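These notes concern the structure reproduced below.
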Amino acid sequence: MDMYVGGRWQGSSEWLDVVSPYSGEVIDRVPVATPKQIEEALATAERGAVVMRGLGGAARADILRRAADLLDADVEQIARTISLEVGKPIAEASGEASRLGEMFRLASFEGTQIRGETLPLDAQAGAEGKLGFTLRIPTGVVVAITPFNYPGLLVVHKIAPALAAGNAVILKPASQAPLTALIITEKLIEAGLPGVGLQTITGGGRAVGMALVRDARVRKVSFTGSTAVGEEITRVAGVKRLSLELGANCPMIVMPDADLELAAEASATGGYVNAGQVCISLQRVIVHEDIYEDYLEALREPVAGFRMGDPLAADTKIGAMISETEAARVARWVDEAVASGARVVIGGQRDGAKLFPTVVADVTPGMKLSQQEVFGPTLSVIRAAGIDQAIALANDSNYGLGAGIFTKNVTDALRFAREVEAGSIHINWTPLWRADLMPYGGLKGSGIGKEGIRYAVEEMTELKTVVIHGLEGEPS
Ligand code: NAD
């Protein structure tokens with residue numbers, strides 16, 4: 001597919017193959033943007049910001065609603081593309097594809113709800129007789145950089161609020177999975193979005209992403225991806241607004257009073273969606289020692305029952321990881337944990353990019369499975385003596401995106417909600433749950449800022465203060 005830059009579809013002198021992680025076959029190819037094309041995108045976006053601001057909320061909402069209908073009409077093709085480029089089971093890809101239209105509708109509404117407020121200036125002595133109010137304005141040029149794991153959902157979580165709020169967007173989708181983003185771009189242009197309003201530029205993250213992030217014409221960078229790249233962005237961005245949705249190694253506590261069957265079933269969902277390649281994937285299960293073996297036993301059936309295979313087959317639960325290198329990394333971390341005293345309860349085998357769903361018990365805090373982000377189909381089970389130790393273990397991480405607890409004890413649940421350092425807290429569920437309207441974003445190394453359409457609209461606008469002096473009949 002061509003990329004969309006400068007209001008037209010363009011190729012390039014160099015191309016990047018898009019490869020199915022499952023079959024290894026080349027599905028398509030996308031251009032590697034040249035420095036000249038990157039410059040064209042930035043210059044166009046500067047003009048686009050003026051056009052988008054001038055459109056007005058109602059016109060922008062109309063376009064987004066039309067795009068939503070076009071996306072809904074093509075859910076099957078989009079799901080197939082997601083499945084092919086990520087190696088994600090088609091059932092999950094269909095779920096992802098069918099959320100996109102609704103997110104655009106939500107954004108079309110939130111984009112018409114952007115308000116300021118009047119300021120009680122007379123509360124400060126000497127400011128009587130002045131009228132103050134705030135205006136919320138678009139930020140201007142927004143650069144959106146997205147990861148491979150949800151090539152539809154995470155693109156729309158950025159571009160829908162950015163466009164609804166009246167910005168021009170340059171989207172740089174993941175190099176491994178850029179096709180879904182290009183289809184979404186097609187739909188928006190077909191829906192009547194001005195060609196300068198959205199540009200989708202493809203190529204390597206380092207060359208294209210960094211050139212965009214550095215540029216002074218860009219006012220806002222909205223990035224979702226690894227903590228390492230997020231840190232790099234903070235170093236080069238300069239004076240810009242940053243939203244960073246980064247890595248995680250989400251914990252969940254299981255207490256003795258929990259519904260164990262439910263906790264085990266939920267773990268089997270929370271740890272293995274998209275082969276564990278979800279930022280809010282359940283990674284560390286911290287289980288009270290009184291029910292430790294019972295929990296492992298309860299987990300056996302649901303996890304062992306997963307069908308691995310062709311992502312395009314309707315009954316496949318686990319497809320491939322994004323690459324063989326990534327699958328080999330996770331398998332290596334499992335081996336290292338076993339060498340340090342952990343035990344594999346289920347799985348552990350690997351075939352190329354396909355890693356079998358794995359449960360590792362007796363994981364301890366120093367192991368990579370516990371400290372780092374695994375981003376693979378592997379649950380690490382850790383023993384705890386009580387709620388105090390369990391909370392300390394949950395917080396023993398540089399990350400803080402999502403966390404869950406299974407308990408019937410309200411006191412423990414509320415203590416967990418207060419004390420666990422994570423952006424989203426789930427009582428009686430795993431961290432892997434999200435509604436697109438809720439505020440979503442991490443603490444600590446998991447990032448800065450919130451997504452969730454309404455919250456993203458706020459982050460993609462800026463506040464101006466207006467003061468009217470010398471009102472007639474009033475002291476100035
Ligand atoms: P990644 O950091 O390798 O890449 C993300 C994006 O950044 C891609 O588009 C890539 O091309 C681009 N990029 C790479 N180097 C760059 C650079 N130097 N400058 C600018 N852009 C650059 O991440 P990934 O492997 O695609 O995705 C997996 C990571 O994303 C995991 O760490 C996961 O936790 C994280 N993630 C976080 C969330 C969240 O909401 N917190 C959601 C999904 C994924």
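As the structure is a computational prediction, the values presented were derived from the model and not from experiment. Whatever order the structure lists ligands and atoms in, that order sets their numbers, starting from 1.
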With a cut-off of 4.0 Å, which atoms of ligand 1 are near a heavy atom of Ser175?
11 (O)
Answer yes or no: is there a donor N or O on one side and an acceptor on the other, between the side chain of Arg241 and the main chain of Thr461, under 3.5 Å?
yes
Heteroatom proximity flag, Gln176 to ligand 1, N/O under 3.5 Å
no
By number and element, which atoms of ligand 1 are closer than 4.0 Å to a non-hydrogen atom of Asn149?
43 (C), 44 (C)
Are any of the N or O atoms of Thr146 closer than 3.5 Å to those of ligand 1?
yes
Given Glu245, Lys172, Arg434, which has its nearest heavy atom closest to atom 10 (C) of ligand 1?
Lys172
Stacked cation flag Lys354 on Tyr22, 6.0 angstrom / 45 deg
yes
Decide whether an N or O pair under 3.5 Å exists between Phe148 and ligand 1.
yes
Mark up the atoms of ligand 1 that fall under 4.0 Å of a heavy atom belonging to Glu232, in ascending order.
18 (N)
Does Arg350 make a cation-pi contact with Phe356 (under 6.0 Å, within 45 degrees of the axis)?
no
Regarding Lys317 and the six-membered ring of Phe306, is the cationic atom NZ or CZ under 6.0 Å from the ring centre and inside 45° of its axis?
yes
Using heavy-atom distances, let me know which of Pro147, Gly205, Gly209, Ala237 sits nearest atom 17 (C) of ligand 1.
Gly205
For the backbone of Ala164 and the side chain of Arg60, can you confirm whether one donor and one acceptor N or O come within less than 3.5 Å of each other?
yes
So, does Asp215 use its side chain to make a donor-acceptor pair with the main chain of Arg217 at under 3.5 Å?
yes
Distance flag for atom 23 (O) of ligand 1, protein heavy atom under 4.0 Å:
yes
Kindly say whether Arg80 contributes a backbone atom to a donor-acceptor pair with the side chain of Ser83 at under 3.5 angstrom?
no
May I ask whether Leu154 has any heavy atom positioned less than 4.0 angstrom from an atom of ligand 1?
yes
Ligand 1 atoms in contact with Leu401 (distance to a heavy atom under 4.0 Å)
41 (N)
Any non-hydrogen atom of Tyr150 lying under 4.0 Å from ligand 1?
no
Which atoms of ligand 1 have any heavy atom of Ala174 under 4.0 Å away?
8 (C), 9 (O)
Any cation-pi pair here, Lys172 with Phe223, using under 6.0 Å and within 45°?
no
Below 4.0 Å, non-hydrogen atoms only: which portion of Thr224 touches ligand 1? Side chain, backbone, both or neither.
both
Heavy atom of Gly204 under 4.0 Å from ligand 1?
no
How are the rings of Phe375 and Phe148 set to each other: parallel, tilted or perpendicular (split at 30° and 60°)?
perpendicular
Can you confirm whether the side chains of Lys158 and Thr146 place a donor and an acceptor under 3.5 Å from each other?
no
Would you mind telling me if ligand 1 is within reach of the side chain of Pro173, the backbone, both or neither, using heavy atoms under 4.0 Å?
backbone
Taking 4.0 Å as the limit for heavy-atom contacts, which would you say applies to Gln277 with ligand 1: side chain only, backbone only, both, or neither?
neither
